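Report on one structure; see the data block that follows.
Counting begins at 1 with the first residue of the sequence. Quantities reported herein were computed from a predicted structural model and do not represent experimental measurements.
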Amino acid sequence: LEKTDFSPTMVTCFNFDQDGNYLFICDAGNDRVMKYDLSIPWNISSGTAAGYVDVTTPETTPRSIFWNKAGDQLYVVGTGTNKINVFKTTSPYSVNNATYTAGDQIEISPRVSSVYNMKMTPGYTKVVYHDYYYYTREASIGSANGTINSVSLPVGNTNYNTNLTQWNAYIGTSQTG
């Protein structure tokens with residue numbers, strides 16, 4: 001990746017779009033999500049800086065980022081609010097015009113202690129996340145066309161697995177972080 005004046009200072013996660021044409025970096029040191037265009041899909045060495053969105057409002061401790069299926073909603077999760085904060089865009093995977101409207105958050109119910117990484121499964125039917133205790137947990141989502149409208153944890157907050165191989169199996173190979 002090219003060095004730019006907005007190089008990240010504390011990367012907490014990264015993610016790609018579905019086709020590997022864009023790399024997104026969660027920079028908790030500057031409370032922003034950065035985008036890089038990849039001239040060769042999935043090859044981060046071919047990346048050039050393409051912009052960023054400041055996520056200070058509402059999340060001062062961003063830990064995880066992911067997109068809905070259409071690429072018009074960026075989900076930012078952190079330890080500051082423990083909610084899924086929704087940034088909407090007017091064009092797919094654009095961070096330069098991503099906007100947050102006050103209260104545009106999805107409660108994680110029951111409340112979760114410090115989400116550190118969250119991804120949607122490839123079928124866009126569940127989210128899988130790591131919490132403060134490094135448990136991998138799976139939650140059903142209310143979803144319309146790959147857009148989250150609610151998150152419900154299983155009764156008892158079951159630990160699904162702490163194994164990284166299992167985590168990767170949950171999220172699929174195209175979503176890493």
Between CZ on residue F24 and CG on residue D17, distance to nearest 0.5 Å | 6.0 Å
Going from CD1 on I65 to CE on M34, what distance comes out if it is rounded to the nearest 0.5 angstrom?
-> 10.5 Å
Not counting sequence neighbours, list each pair that qualifies as a salt bridge (charged side-chain N to carboxylate O under 4.0 Å, His left out) and has a residue in residues 91-106.
-> K88-D104
Are F87 and E59 close enough, and set up right, to give a side chain to side chain contact (heavy atoms under 4.5 Å, CB included), and what steps lead you there?
-> CA-CA 11 Å; F87 288 76; E59 186 58 68; over 6 Å; no
Connected via hydrophobic side-chain network under 4.5 Å: I40 and Y36 | no
Given the rule that I, L, V, M, F, W and Y join up when any side-chain heavy atoms are under 4.5 Å apart, are W42 and V11 in one cluster?
-> yes
Please check this pair: side chain of [X] against backbone of [Y], looking for a donor-acceptor N/O pair closer than 3.5 Å.
X   : Y    : result
T57 : Y100 : no
D37 : A50  : no
D27 : M10  : yes
K35 : Y93  : yes

Can you tell me if S94 and N96 form a side-chain donor-acceptor pair at under 3.5 Å?
-> no
Counterpart residues, salt bridge (Lys or Arg N to Asp or Glu O under 4.0 Å), relative to D19 (two or more places apart) | none
Evaluate side chain to side chain contact (heavy atoms under 4.5 Å, CB included) for F66 paired with V77, printing each intermediate quantity in order.
-> CA-CA 9 Å; F66 57 103; V77 181; 4.0 Å; yes
Do the non-hydrogen side-chain atoms of [X] and [Y] ever get within less than 4.5 Å of each other?
X   : Y   : value
N15 : Y75 : no
D31 : P62 : yes
V33 : L74 : yes

Only one of T48, N43, L23, N21 passes side chain to side chain contact (heavy atoms under 4.5 Å, CB included) with L38; say which it is.
-> L23
Measure across G71 and T89 and return the closest heavy-atom pair with its distance rounded to 0.1 Å.
-> O-OG1, 3.6 Å
